[in-house]
Amino acid sequence: MRRWLPLLLAAMLALGCAGCTKRQTVTVYRIETGGTALLHPETVSVPSGTDPMQAALDALGAKPSDSTCTNPVRDWLTIDGSRIDADGTLWLTVTATETASGIVRTQALACLVLTCTALDGVTAVGLAEADGDVLHAPTTADELALTDPATDTP
C-alpha cells in the first residue's frame with residue numbers, strides 16, 4: 001500500500017494540473033438584432049490543437065449561438081481560405097453572394113475586421129475571390145466607419 005500512495009498522489013496531481021490549463025478563446029463579433037448595441041461579442045473556445053485563426057474563421061461562417069444576434073458574414077460570404085502577408089494583412093479567399101444588401105456587406109466587413117484584427121499578427125483584413133480579384137481592399141479596425149445613414153454620425 002505504501003508503494004501505491006506516492007503513485008496515486010502523483011496521478012491526482014497530474015489530473016488536477018491538466019484541469020487548470022487555461023483554455024484559449026477568441027472573440028467573434030456579430031450584429032445585435034435586439035437591444036441598444038450594434039455589435040455583439042461572442043466568446044468562442046479554441047479547441048486544443050486548433051489554430052485560433054481557424055477557430056475564429058469557423059465561427060464567422062457558423063450560425064450564431066445567441067438568438068439575439070445575426071451573422072452577416074454568413075449571409076454574404078463563404079470563407080474558402082486565408083493567408084497572412086508579412087505586413088500583417090489577412091487575406092481571406094471568399095465566395096460572395098451577390099444578392100446581399102449593402103448594409104449586410106458593411107456589417108459583415110465590420111465583424112470580420114474587428115474579429116480578425118484582435119488576433120495576434122493581424123493588422124488588416126482584405127477579401128479576394130478565388131481567381132485573385134480583390135473584392136475588398138485591406139481594412140484596419142481604425143478605418144471602419146460605422147455611421148447612422150439618417151444623421152451621418154458615428
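Checked by atom type, the side-chain pair T95/D80 shows a donor-acceptor distance below 3.5 Å. Between T140 and D142, the side chains place no donor N or O within less than 3.5 Å of an acceptor N or O (distance only, hydrogens not considered).
The number of heavy-atom neighbours closer than 6.0 Å to CG of D120, taken from other residues, nucleotides and ligands shown, is 12 or below.
Proximity of P52 to Q24: side-chain heavy atoms (C-beta onward) are separated by under 4.5 Å at one or more points. A heavy-atom distance below 4.5 Å is not found between the side chains of N71 and D75. Taking 4.5 Å as the limit, every side-chain heavy atom of S82 sits out of range of all side-chain heavy atoms of T93. Residues V46 and T25 have side chains not in contact (no heavy-atom distance under 4.5 Å, counting atoms from C-beta outward). Side-chain contact between V134 and E129: absent, with no pair of heavy atoms (C-beta onward) separated by less than 4.5 Å. Between T70 and P64 the shortest side-chain heavy-atom distance does not fall below 4.5 Å.
One hydrophobic cluster, built from ILVMFWY side chains closer than 4.5 Å, holds both I84 and L135. The hydrophobic clustering, which links ILVMFWY residues whose side-chain heavy atoms are closer than 4.5 Å, places L144 and Y29 together. Residues V44 and L39 fall within the same hydrophobic cluster, defined by Ile, Leu, Val, Met, Phe, Trp and Tyr side chains chained together at heavy-atom separations under 4.5 Å. Cluster membership for W91 and L77, using ILVMFWY side-chain heavy atoms within less than 4.5 angstrom, is not shared.
Under a 3.5 Å cut-off, the side chain of T123 and the backbone N or O of D87 do form a donor-acceptor pair. S101 places no side-chain N or O within 3.5 Å of a backbone atom of T99 that could act as its donor or acceptor partner.
What you find for L114 and A141 is that their closest heavy atoms are CD2-CB, 4.1 Å. Nearest heavy atom pair, residue V28 against residue A59, reads CG2-CB, 3.6 Å. Residues A128 and G132 come closest through the heavy atom pair CB-O, 4.4 Å. The minimum heavy-atom distance linking C111 with V73 is given by the pair CB-CG2, 4.2 Å. For P138 against E143, the heavy-atom pair with the smallest separation is O-OE1, 3.8 Å. The two residues T115 and A56 have their closest heavy-atom pair at CG2-CB, 4.1 Å.
The line from CG of L57 to CG of L119 is 8.0 Å long, rounded to the nearest 0.5 Å. Remark: R30 CZ to R74 CZ distance equals 9.0 Å, nearest 0.5 Å. T106 OG1 to H136 NE2: the interatomic distance, rounded to the nearest 0.5 Å, is 7.5 Å. Considering CD of E42 and CG of L60, their distance stands at 9.5 Å, rounded to 0.5 Å.
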Inset, instruction - Could you walk me through whether T78 and V94 pass side-chain contact (heavy atoms from CB on, under 4.5 Å), step by step? - result: CA-CA 5 Å; T78 300; V94 298; over 6 Å; no
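Tested against I79 for a side chain to side chain contact (heavy atoms under 4.5 Å, CB included), the candidates L112, L127, D58 yield a single pass: L112.
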